[in-house]
Amino acid sequence: MIQLNHVSLEYPVTRTLALDDINLHIRKGEFVYLIGRSGAGKSSVMNLILKRISPTRGQVLINDEPLSKYRGGKASIHRRRIGMIFQDNMLLPHFTVEDNIALALRVTGVPQKDWHQRITNALKMVSMEHKRSALPLQLSLGEQQRAAIARAIVTSPPIILADEPTGNLDPEISVEIMKLLQQICVRGATVVVATHAKELVENFRHRTITLRKGKIVRDDPYGGYAL
Ligand code: ADP
């Protein structure tokens, strides 16, 4: 489903070689961790999959289709297939939980008559129906992240990318968030999680890809944390 074929990425101004001849195949419905020290290239891989950046060499493909096809405004069509979860939940502070989630539906062009039900389903999935009308600042950090997950899944994207999704959360809440991400995967999404959270990677075992200085140095189907 997600394929990187001989992908290298050099950032133009600094000429940093962030990724060096990466080959990677993530199958439909897989749950994959991307680990590595700061600067190893994890965000660069995420940004390539999102087509926020393009590789200097090689190809990124989704469902066997090269992303180079999606030029200019067409990149947004590709991005609709991806639900993104960040360390900072990026909820808009003056919008309620419901309105934050509705924005994702608007961007993807889901008919307005379906919004209420879709938002209800997404909030149920993350056990947040009772916080529908709350503003982000009226929520705990864990609840904010759950709302952000609802926003990511409301359009039922086939791919979920999570960049340090538990980075700001205490261990107990982090476990909840991990369980949620696993449920989303069980329901059929392909889930890629970039993380430093050693305990979680050890306790919730999934295929784990380790990056070091822009190269894949380990790709372990049984998981475990080793940098
Ligand atoms: P990680 O997410 O694992 O911390 P990144 O993908 O952010 O790693 O970074 C990989 C390398 O690319 C690092 O050396 C980083 O300094 C460099 N880098 C990241 N973003 C940029 C950028 N926009 N311009 C120049 N260099 C960058």
Side-chain angles (χ1 to χ4, degrees), residues 1-26 30-62 66-68 70-72 75-76 78-79 81-90 141 145 148-149 152 157 159-169 171 174 177-178 181 185 189-221 223-227:
M1 151 153 251
I2 303 172
Q3 237 174 311
L4 275 67
N5 288 344
H6 294 289
V7 163
S8 295
L9 173 70
E10 184 179 281
Y11 283 103
V13 181
T14 57
R15 311 211 57 189
T16 309
L17 187 63
L19 297 174
D20 185 4
D21 197 22
I22 296 280
N23 288 297
L24 176 61
H25 186 190
I26 298 173
E30 261 195 300
F31 191 114
V32 174
Y33 291 117
L34 215 49
I35 66 170
R37 293 183 208 288
S38 189
K42 304 180 294 298
S43 303
S44 297
V45 170
M46 298 288 214
N47 285 329
L48 282 170
I49 297 170
L50 272 167
K51 200 171 166 38
R52 281 190 184 140
I53 46 177
S54 298
T56 318
R57 274 181 296 281
Q59 261 193 335
V60 183
L61 302 103
I62 305 288
L67 289 191
S68 48
Y70 292 88
R71 283 177 212 287
S76 64
H78 155 62
R79 281 188 205 119
R81 303 185 282 193
I82 301 178
M84 191 68 209
I85 298 162
F86 307 90
Q87 174 169 355
D88 302 309
N89 53 67
M90 314 276 262
L141 281 178
Q145 193 59 310
I149 293 175
I159 299 170
I160 295 283
L161 299 183
D163 199 354
E164 292 285 353
T166 61
N168 286 334
L169 306 174
S174 299
I177 296 295
M178 277 307 304
L181 291 172
C185 183
T190 306
V191 178
V192 183
V193 180
T195 186
H196 283 110
K198 182 170 193 289
E199 295 246 308
L200 294 177
V201 174
E202 291 284 354
N203 292 335
F204 296 87
R205 294 258 173 164
H206 296 284
R207 178 182 172 193
T208 302
I209 294 159
T210 310
L211 285 165
R212 190 185 297 150
K213 295 183 181 164
K215 285 183 186 288
I216 293 178
V217 293
R218 185 167 154 264
D219 184 348
D220 189 339
Y225 196 89
L227 294 182

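First listed ligand is number 1; within each ligand, the first listed atom is number 1.
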- Query: Which value, rounded to the nearest 0.5 Å, describes the distance between Leu141 atom CG and Leu169 atom CG?
  - Reply: 6.5 Å
- Per the under 4.0 Å non-hydrogen criterion, ligand 1 touches Tyr11, Thr14, Thr16, Ala18, Arg37, Ser38, Gly39, Ala40, Gly41, Lys42, Ser43, Ser44
- Message: Can you tell me how the ring of Tyr70 sits relative to the ring of His78, calling it parallel under 30°, perpendicular over 60° and tilted otherwise?
- Response: tilted
Solution key, residues 1-9 side-chain donor-acceptor pairs under 3.5 Å, sequence neighbours excluded:
from: His6; atom 1: ND1; to: Asp21; atom 2: OD1; distance (Å): 2.8
from: Ser8; atom 1: OG; to: Asp21; atom 2: N; distance (Å): 2.9

- Item | For Arg15, side-chain hydrogen bond (donor to acceptor under 3.5 Å, both in side chains) partners two or more places apart | Glu10
- Task: Supply the atom-to-atom distance Leu34 CG to Glu164 CD, rounded to the nearest 0.5 angstrom.
- Result: 10.5 Å
- Could you give all pairs that pass the salt bridge (Lys or Arg N to Asp or Glu O under 4.0 Å) test and reach residues 205-214, with sequence neighbours left out? Glu30-Arg207, Glu202-Arg205, Arg207-Asp219
